[in-house]
Amino acid sequence: MTKHIFVTGGVVSSLGKGLTSASIGMLLEQRGLRVRMQKLDPYINVDPGTMSPYQHGEVYVLDDGSETDLDLGHYERFTSGRLTRDCNYTTGQIYLSVIEKERKGQFLGKTVQVIPHITNEIKSVISRMGGDDVDVVITEIGGTVGDIESLPFLEAIRQFSLDAGRENCLYMHLTLVPYLKAADELKTKPTQHSVGQLREIGIQPDVLVCRCEHSISRDDREKIALFCNVPVEAVIEEKDKDFSIYEVPLSLVDNKLDQLVVDKLNLTSAKNLDITAWNDLLHRLRNPRHEVSIAVVGKYAEHKDAYKSIYEAIDHAGIHHQAQIRIGRIQSADIEREGAERLLSGYDGVLVPGGFGERGIEGKVQAIRFARERGIPFLGICLGMQCAVIEYGRNVMKLDDAHSSEFDKDTEHPVICLLDEQQNVTQMGGTMRLGSQPARLDRHSLAGKAYDADTVDERHRHRYEFNNQYRQQFETNGMRFAGTSPDGGLVEIVEVPDHPWFVAVQFHPEFKSKPLKSHPLFAGFVGATINRRTRRGSESTNQPPQEQIS
Ligand code: GLN
């Protein structure tokens with residue numbers, strides 16, 4: 001029988017519920033349990049696909065093409081549980097499905113209401129996650145307890161234990177225990193109030209995970225336990241980690257959270273914990289043998305979550321090579337104003353990520369030209385590949401107004417254009433080339449060598465493609481088409497051969513990178529930056545400016 005863990009958050013947003021949920025999932029997997037993870041988001045958009053990265057950070061794409069919350073990225077990086085469309089629901093999706101049923105007459109003339117119809121729908125999407133092959137489902141509820149919009153979700157998870165059995169459900173509440181400098185004290189009142197709100201709805205949490213900057217004393221834990229009606233062993237400290245997010249699971253183990261969950265849910269098949277690989281990972285992070293810097297040139301560079309999986313994938317490659325990587329987040333529009341030379345000199349690698357919209361495109365093209373002409377390792381992703389093609393067309397092939405028809409409909413040279421089947425799409429959301437698709441590789445290319453495979457499956461999220469009318473011309477002028485769709489019809493990877501490492505891909509490799517298994521392209525890219533740094537040796541006094549580094 002599948003057991004359920006529900007993770008809620010209190011006091012403030014941004015407590016790192018996603019990371020904590022993923023860490024618990026990882027620890028349970030390491031104890032031999034089969035885990036699936038789910039996120040329920042209270043906002044009304046049907047999915048985050050149509051939301052600006054400023055609002056919501058990155059849109060994380062799954063194999064099945066669903067566009068999901070970035071927390072699913074944490075889940076996938078930390079656990080191996082299968083992630084599908086069912087793993088992320090929003091209020092919008094829940095209502096959409098209830099309204100569709102109402103229109104089909106499935107409620108037999110009844111008044112359709114939040115309770116029971118919306119809550120039943122929520123309970124059914126949670127139940128669907130369970131099954132014979134799943135020991136534990138972890139469902140994270142987005143938002144903060146006390147928000148009006150999360151109420152139906154909280155009511156649904158309360159009811160869930162009535163059907164599934166209270167002993168088969170565990171409610172975990174993530175809360176904040178702030179430190180007041182003036183009083184030189186940790187404050188437990190916000191936690192008491194937040195748990196009070198949960199109890200008003202009828203949920204008595206079983207475990208409190210307390211985010212804090214300073215350690216919580218035994219006295220304070222006892223106080224929280226007493227006021228919140230939980231045993232003191234169930235008040236778990238989760239102190240801020242300033243070194244790495246990969247310390248989070250280990251600190252939860254130190255505080256015996258995995259054992260607590262196993263005991264409370266009576267998970268009799270759980271084995272002893274083995275986290276050797278994870279300890280090794282932290283050892284590699286703490287003892288770097290190389291140091292390199294990489295510039296990520298994007299439209300949303302100032303927003304730290306907009307390219308979340310890209311930054312993570314770079315870190316994974318750093319772990320792989322035992323390299324400390326300093327990432328500079330560069331606004332592509334700043335390159336247009338200040339020039340690539342000024343902003344990019346000193347970096348060992350340049351990465352241009354995906355994106356939509358015209359702002360900053362010329363800055364990306366300039367950054368790519370700089371990397372290509374100076375022999376700086378370059379990785380282009382999705383829009384980054386499209387800009388690399390535009391740059392090559394303009395500056396190598398002298399097709400002066402080479403462009404993407406996304407940005408200039410009347411360009412004489414639409415080297416990137418819309419596929420015929422995308423021409424008549426008018427609805428937003430879920431209408432792109434989405435999800436996992438195979439690519440056939442040229443084994444002699446950089447990508448072919450990095451993957452060491454003939455075909456790979458990678459995730460897509462785009463409308464525009466390389467325009468095949470130009471393929472011959474680009475090839476004649478030296479560009480290598482290192483990967484295509486299996487029928488050869490779509491360009492997936494381009495490379496510039498007379499360059500130390502210049503690879504650009506139409507898909508998103510960052511979504512498939514894991515901390516213990518760096519993605520081959522990121523590993524190849526970072527390897528090339530290390531080679532460049534080694535070659536330049538001590539002559540490289542030219543460091544990127546500190547203020548760009550995060
Ligand atoms: N805007 C481009 C397209 O739709 C690239 C999308 C992306 O980078 N994800 O094709």
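Start at 1 and go down the list; that is how both ligands and their atoms are numbered. No hydrogens, no waters, no symmetry mates; every other heavy atom, side chains included, goes into these values.
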ask   = Counting only N and O atoms by type, is there a donor-acceptor contact under 3.5 Å from the side chain of T90 to the main-chain atoms of N45?
value = yes
In the protein, which heavy atom is nearest to [atom], and how far is it?
| atom | answer |
| --- | --- |
| atom 2 (C) of ligand 1 | E406 OE1, 3.2 Å |
| atom 7 (C) of ligand 1 | C382 SG, 3.0 Å |
| atom 10 (O) of ligand 1 | Y464 N, 2.8 Å |
| atom 4 (O) of ligand 1 | R463 N, 3.0 Å |
| atom 5 (C) of ligand 1 | G355 O, 3.3 Å |
| atom 9 (N) of ligand 1 | R461 O, 2.8 Å |

task = Check each atom of ligand 1 against the heavy atoms of G354 and keep those under 4.0 Å away; list them by number with element.
result = 8 (O)
ask   = What is the ring orientation for F474 with Y470, classed by angle as parallel under 30°, tilted 30 to 60°, or perpendicular over 60°?
value = perpendicular
Are [X] and [Y] within salt-bridge range, i.e. N to O under 4.0 Å?
| X | Y | result |
| --- | --- | --- |
| R459 | E76 | yes |
| E247 | K241 | no |
| K398 | D400 | no |
| R433 | E465 | yes |

query = Going by distance only, is there an N or O of L383 that falls short of 3.5 Å from an N or O of ligand 1?
reply = yes
ask   = Using heavy atoms and a threshold below 4.0 Å, how should the contact between E465 and ligand 1 be classified: side chain, backbone, both, or neither?
value = neither
Qualifying residue, where the test is side-chain contact (heavy atoms from CB on, under 4.5 Å) with Q331 and the options are R359, E338, R337, E336 = R359
task = Compute the minimum heavy-atom distance from H508 to ligand 1 and say whether it is under 4.0 Å.
result = yes
